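In this text, all values refer to a predicted model and were calculated from it rather than measured experimentally. Below, read A as the first sequence line, B as the second, and so on, with proteins coming before strands; counting in each chain starts at 1.
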Number of protein chains: 2
Amino acid sequence: MEFVDIVQRIHPLKKEDLQKLLSISETIQVSKNTVFIDTDKLSKYIYFLQEGICRIYYHKADIAVILAFSFPGEAMISLNSYIHGKRGYENIETLETSIMIRIEIASLQSLYENSTAIANWGRKLAEFEILKIEERLMQKLFKTASERYQDLLRKEANITNRVKLGFIASYLGVTQVTLSRIRAHIR
Amino acid sequence: MEFVDIVQRIHPLKKEDLQKLLSISETIQVSKNTVFIDTDKLSKYIYFLQEGICRIYYHKADIAVILAFSFPGEAMISLNSYIHGKRGYENIETLETSIMIRIEIASLQSLYENSTAIANWGRKLAEFEILKIEERLMQKLFKTASERYQDLLRKEANITNRVKLGFIASYLGVTQVTLSRIRAHIR
DNA sequence: AATAACTTTTTACAAATGTTAAAAAATCAT
DNA sequence: ATGATTTTTTAACATTTGTAAAAAGTTATT
């Protein structure tokens, strides 16, 4: 998906404002298994995934718990860095070599202060992030691991070929043994 | 907490912009056990709780699952109404007679279009909501029901006098039987 | 092709939570 | 205050999920 389309889908901008956003964005390639947003570090950038797949995870004691996978078109940020300019909690890692657009948060924020349209774009960006997280929470509250596994397959049919089952089990909030039982049961 | 303080804590506004916000807000009293945001209905307002306590809940099949309690100072909205202007999923009900400030969403949105400062206020409001939901999700992922119960007591020591345990169990995501076991174990 | 390293499934058993029902305790209304 | 209603706890049993270890399957490397 083109970055311009990702931007316009959030909140339509006139050429002039769009140009301002594009002028502070750059496309980068990140190789496989690279942690580009790191717990306890300040993240200077907001990223938009264009190609590839990433995992967002947190550390609980010594094990990693996967909160979500990111697919093309989605924004990826360290929430605490973006919102408070402080060190964050999430790790985000590429699971495949990925292409993404990054924007320096500081530059974006100065656009927010100087353009009503871009401030509203930033508002819609935040609002859509609310819906994304809300969706995750709802899924967690209302659906069984088995249902969530089947939802994931429906959304990304070949994810089991791209992401190992241990990661998917972590995302579902069950052990890999339980996921194996779910898989055995579905067939 | 005064509404002006709630507003300024989200994002400081100059007198002029603050005045615009105040001019479209009104204080209302809502009596106990009133559902003022209702599943499947469009909610025309955003609310800020000044006094009282509310529960945010969803219906799963025939039972209600409590997502959160709202305390003074917090915003309460039907997310889908606020963001998409469509019917929402959450129910919000007063558990005590409450005082709240309400603002018509449509009026607020026209302020967003015409004031950069208020657009940025709306952006910060959305960003803080992200953090609130993120916090809920994190608690759900990383903490046991027992830990979350103790966290709740630490935050609102007398909540067990104001909210029945069946509601607290629903919020914790366990049955009331399990909550009784937790309480018996803590003592 | 063979070995090593990693991933996934299976098994057996333990621990935690749910379900249902009943009893006990607390609260409310007259 | 007393009986009625609601809320909370306890008990017994069923079900689900976790833990640990072994087996089977897959992928990478020499």
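- Taking side-chain N and O atoms only, B/Thr175 has a distance below 4.0 Å to OP1 or OP2 of C/dG18.
- Residue B/Arg183 places none of its side-chain N or O atoms closer than 4.0 Å to OP1 or OP2 of D/dT8.
- One atom, CG of B/Leu172, and another, P of D/dT8, lie 13 Å apart when rounded to the nearest Å.
- Rounded to whole Å, atom C1' of D/dT9 lies 16 Å from atom NE2 of B/His185.
- Stacking of A/Arg148 on the aromatic ring of A/Tyr171 is recorded, both the 6.0 Å distance cut-off and the 45° axial limit being met.
- Taking only side-chain nitrogens and oxygens, B/Thr178 comes nearer than 4.0 Å to OP1 or OP2 of C/dG18.
- With axes fitted over five pairs at each extremity, the angle between the ends of the helix from C/dA1-D/dT30 to C/dT30-D/dA1 is 40° (10° resolution).
- In summary, the aromatic rings of A/Tyr57 and A/His59 are positioned with their centroids under 6.0 Å apart.
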Distances under 3.5 Å only, N/O to N/O: pair up the protein atoms with those of nucleotides 24-30 of chain C.
none

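- Rounding to whole angstrom units, CD1 of residue B/Ile159 and P of D/dT8 are separated by 12 Å.
- The separation between A/Leu179 atom CG and C/dT10 atom C1' is 14 Å, rounded to whole Å.
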Go through the steps to decide whether B/Gln109 and B/Glu113 satisfy the test side-chain hydrogen bond (donor to acceptor under 3.5 Å, both in side chains), and finish with yes or no.
-> CA-CA 6 Å; B/Gln109 274 164 350; B/Glu113 298 303 325; over 6 Å; no
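- Rounded to whole angstrom, the span from the CD atom of A/Gln176 across to the P atom of D/dG25 amounts to 16 Å.
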Given the rule in the side chain to side chain contact (heavy atoms under 4.5 Å, CB included) test, do A/Ile92 and A/Phe36 qualify, once you have shown the distances and angles that lead to the verdict?
-> CA-CA 6 Å; A/Ile92 310 186; A/Phe36 61 97; 3.6 Å; yes
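- Remark: A/Arg102 qualifies as a cation-pi partner of A/Tyr45 under the 6.0 Å distance and 45° angle criteria applied to the six-membered ring.
- Counting only N and O atoms by type, the side chains of B/Tyr149 and B/Arg183 include a donor and acceptor under 3.5 Å apart.
- The distance between atom CG of A/Leu165 and atom C1' of C/dT10, rounded to the nearest whole Å, is 14 Å.
- Hydrophobic clustering places A/Val4 together with A/Ile6 (ILVMFWY residues linked when any side-chain heavy atoms are closer than 4.5 Å, directly or through intermediates).
- Both B/Val177 and A/Gly173 lie close to DNA chain D; mapped to their nearest nucleotides by heavy-atom distance, the more 5′-ward contact belongs to B/Val177.
- B/Arg181 has no side-chain polar atom (N or O) that falls below the 4.0 Å cut-off from OP1 or OP2 of D/dT10.
- A/Arg162 CZ: more than 12 foreign heavy atoms inside a 6.0 Å radius.
- Projected onto DNA chain D by closest heavy-atom contact, B/Lys164 and A/Ala145 fall at different nucleotides, the more 5' of which corresponds to B/Lys164.
- The closest donor-acceptor contact from the side chain of B/Asn120 to the backbone of B/Thr116 lies under 3.5 Å.
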